[in-house]
Amino acid sequence: MTVTIQSATAVVVPPASQCSMPRTPKISSPDRARTREDARELAAQGQEPQDSDRDGPHPKIVYKYAPPARVGSADRAYITWFRTLRAFAPDIPSRSVVAATFGEGAVVETMQIESDTAPRLYAAAFEVTNGGGAQRQGTASLVISVDTEYQQWGHENIALSYQVTAAHKSGRLIQFIVFPMPGERIPFGALPDFAMRLFGKHARCRETVLTIAHFNGAEWTMFADRDEFAPYLDGVRKSVVTLQEPFTATTHDPVSRNQRVFNCNFVDTFLISPADNGSLAAWGALLNHEKLELPSGAIENMKDFLRDNRQTFVDYAMRDTEVCLLALGYFINWCGRQSLSYRGFRAGITLGGTSVNLYKAFEGGSEALDILTGMEKRQIRTESGRCIWVKEPCDARVIHDPLAARCYHGGLNVAYTIGKVETPPDHAVYDIDLSGAYAGAMACLLSPSFKVSRATHVNEILEAVEVGQHVVARVKFQFPSDCEHPCLPISTKNGLIYVLKGESFCTGHEIITAVGLGAQIDIVDADIWHVTDRRLFARYIGFTVGERSRYAKKTLENLLFKEMTNSLYGKVAQGIKDRKISNFSAPEDGPRQLEPSAVTLPIIAAQITGIIRSALFELNALWRADGVRIVATTTDGSLVVAPVDYEFNAVATRSAAASRLQAGRDAAGITGDLLELKATGSALESYRTRANLIFDQDGECIAKAGASMKFETHNRNDIAAEMRRIAALDKIETRESRQLTSAFASRTGKAVDLISISVNKREHLDYDYKRRLGRDGETMPFTNIEEHDANREIVDRLHKQNVRATPDAVDLKTVGARMRRDSRNDVETAIVYRAIRRLAAKGVGGWRWDKTHEAFNVDRSVKAKDAKRPPIRLPGVAADAVFRVAAAQADTYEAATLMLEAAIPNAKTHLKNPEAVFAAVKAERCQCAEDRRIQINYT
């Protein structure tokens, strides 16, 4: 593929003007003449030395990346910036310098910035570097906001442009866009280098550079020398940033040969984006600087769009760099406003890290935080013999954290009913949510004193939880056989499973709930963590909630304070489970372990999720007692069918766990009801956990959960129709979807660039079998975890064979039937027919070879094989299908019953109204009843 943008001659096109303010002196005068003699000679002739006349072709500039030469406090010194924008005309380098920087034939254009936008951009750059909430990486003398435009071509991307908005501490601002030659890419170091040339610095140069991008993984892949500076970057949530020290890009000026050094940091605005607002378009709307919209299809064919609409392309590309810079500037400014109250608070690389920083500043600094989290400073001796101070968990944590970590689990996620759920008269479908569940759980917990005692009796646990102490335990349990909803979790690869009998790592809150359900508990090991009289997170949660309430919903401040609350929980649980993450800087070393955060506390993380699970179990039990039907429960809410105007919150006061959540909400000053109504409908369809549809009285889909399935449309009715189609299929469908490769894949050579690829994924809506599924769509708990594992193994084997895991298919596979399809792709019918043929071939139980029935429509070789092979043992669920074939052959009802018993012993108990079925089959013989498709009934 070739893209012809302009001539093959490298040029730089300056703007008409930068802004209306008078021009100020440049940073430094460039070396415009190669020698003083040349300058004097030109002056004697009355000529000024021109770049185009001065220097001939220069060799390509090669940037070398390395760790910084000096690392210390001096390198992180506060850099003073001019507070106001200073207008100037960019200093245009010669064509040969442009060619040496970006490659032969590259075209560079500088932009004219709108007069009302330029001050905003510079103010944002000032906040990024000198604002009160600036990141450590923000200490820079040069800020460049970078974006790239490209078009996918096969398995790689063709670079179309590199655009930069750059601001310097001297008060200057510039925008430029680089169009490389088709098929060429530019090195990263060329961007800060060329920005400084536009600012007038052509010779010796040493700058600290902060590079800003949005979803930086895409930008990194488009640099020609990406692998050279990749070892100095770290992968965070599919992006790349510098977490530790900066890296240095070094080169030499092609004219003076003076060294030019740039100490570079990478940050990504994607990592500080509030939930559901992670795009640049969302940032632009929040900042009142909207990202420009392109016509439909332009994004997929940017090459042609550039050719046909060059100016619109440039405006669109430059706007992305502006929004990115404004976003980080606004975020740093917001953090700075908090710093006025909480000294030492700085922005983090991510929102989660920022929340930890805010909590640390709120509590009084690092030492106060160490006391709250049980961290101690200890002196250790290194291999070289030096003594250094390190932070390590206290002795109580070292001894008791392992049990607490095993008791930390995720949320309660289970579907109790499958299929179309009928709504009785005067009933409705409700989606009920525990409002601010994690904030309430965090706010109700008392701070641990890091004194731990052992518990040997259930009563000790009950008393400890009652006074607010934190309990984690390993217990053996057994629920009554008629208990339909056991509540003690067992962690498996398929999530949390709840069975009637087994061994569980759980919290004291769940033990209390289990005792209320009549469970017998035997303690294997239990820790009681003693507490102080201080709530660990209540003051902080109260602060963020209070600040959030000062701003209107959907505003940026409101979203940021909401994220500060929610993301802190993730940091409390960070690094507890054995989780490997990609090692971007050194992939050859293999994945690395996710490290704990500054607030990681296994005992607290276990209590947060444990109390929410207990509240959901208790609320579900109380609602069931009032005739409410629980269809599914996911993380912090339930999908139910309840009487119209049922008072859900009135019942919540009778739940001990829910009352603790409410106490936490009260302590943090969270207003409103504990239970929030998210959706109300008239009809419901449930397929599996996190896969359901809610419809209004007109049949319109008003809410959906798609079980992480990808759909081409966002229309809920269309998604509902597609889910129904998938659920009705006889086999598992392979669906094609598009997804992006990752920056890590490009780093390891598994992908060339960050491109959209076609992925064939088997998708289905089979039940997940966390509970035993009946044919009426209702579920029951498994007796023990071994029973669940055996059932799940069968389900997985069916899916590997591309067979739907219906209850009938699972039962057939359980008795050892081979799951082979017939010509109509119907597995169950094929198995039933095969079993009947083998009985008829041997003359067992009165069965005979009946060519008038489609079950016997096979060739002679199949008939011969059936005569030699052993009978197939069918499960009781196939009784109805077998009986219909028997009724078609037998002359009397008694004969049909004997034939059924020969195929499936004691199968008559599985039939519903067998006499009526026999009569119906005989009555329909004249209508070729034997030609009807045999299929096991499944609702």
Side-chain angles (χ1 to χ4, degrees), residues 419 730 772-778 803-858 862-863 866-867 869-939:
D730 289 327
R772 183 188 292 109
L773 178 61
R775 269 143 199 86
D776 57 354
E778 296 298 327
V803 175
R804 290 284 309 279
T806 63
D808 306 307
V810 171
D811 286 340
L812 290 169
K813 191 67 175 177
T814 301
V815 299
R818 289 190 297 170
M819 311 304 288
R820 294 189 302 183
R821 301 179 181 278
D822 63 3
S823 59
R824 294 165 307 186
N825 228 11
D826 184 3
V827 176
E828 289 88 352
T829 302
I831 295 173
V832 171
Y833 284 177
R834 194 160 64 245
I836 291 172
R837 288 199 305 270
R838 293 187 184 182
L839 293 172
K842 296 179 178 64
V844 176
W847 288 95
R848 65 182 186 276
W849 204 268
D850 184 2
K851 293 184 178 181
T852 63
H853 198 287
E854 66 174 353
F856 302 91
N857 186 23
V858 295
V862 175
K863 181 178 179 180
D866 286 332
R869 288 174 177 170
I872 296 175
R873 185 161 53 99
L874 294 174
V877 297
D880 183 71
V882 175
F883 185 71
R884 287 182 177 274
V885 182
Q889 282 197 346
D891 296 329
T892 64
Y893 169 75
E894 290 74 13
T897 303
L898 292 175
M899 293 170 68
L900 173 63
E901 291 294 326
I904 310 174
N906 303 317
K908 190 175 178 180
T909 58
H910 294 275
L911 298 178
K912 295 181 179 179
N913 301 322
E915 294 87 350
V917 171
F918 180 82
V921 171
K922 289 301 182 183
E924 294 174 2
R925 283 293 285 178
C926 61
Q927 301 176 14
C928 300
E930 65 273 26
D931 292 335
R932 291 179 53 192
R933 179 182 177 185
I934 301 299
Q935 186 166 1
I936 299 172
N937 293 330
Y938 169 54
T939 303

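The first residue in the sequence is number 1, and the count goes up from there.
Residues passing the side chain to side chain contact (heavy atoms under 4.5 Å, CB included) test with Ala895, sequence neighbours excluded: Ala890, Thr892. Residues forming a side chain to side chain contact (heavy atoms under 4.5 Å, CB included) with Ala835 (at least two apart in sequence, or on another chain): Ile872, Leu874. Legend: residues meeting salt bridge (Lys or Arg N to Asp or Glu O under 4.0 Å) with Glu778, ordered by chain and number and at least two apart, are Arg629.
At least one donor-acceptor pair closer than 3.5 Å links the side chain of Gln889 to the backbone N or O of Arg848.
Ring pair Phe918/Phe883 is tilted by interplanar angle, where 30° to 60° counts as tilted.
Residues Asp880 and Val917 approach most closely at OD1-CG2, 4.5 Å, considering heavy atoms. Taking each heavy atom of Ala903 and Leu839 in turn, the nearest pair found is CB-CD1, 3.5 Å. Among all heavy-atom pairs drawn from Ala878 and Val832, the shortest one is CB-CG2, 4.3 Å. Closest approach of Met899 to Gly846, counting heavy atoms only: CE-O, 4.0 Å. In plain terms, the two heavy atoms of Val844 and Ala902 that are nearest each other are CG1-CB, 4.4 Å.
Between Trp847 and Val882 there is a side-chain heavy-atom pair separated by less than 4.5 Å. In this structure the side chain of Trp849 reaches within 4.5 angstrom of the side chain of Arg837, judged on heavy atoms.
The line from OG1 of Thr806 to CG of Leu773 is 9.0 Å long, rounded to the nearest 0.5 Å. The CZ atom of Arg884 lies 12.5 Å from the CG atom of Leu900; values are rounded to the nearest 0.5 Å.
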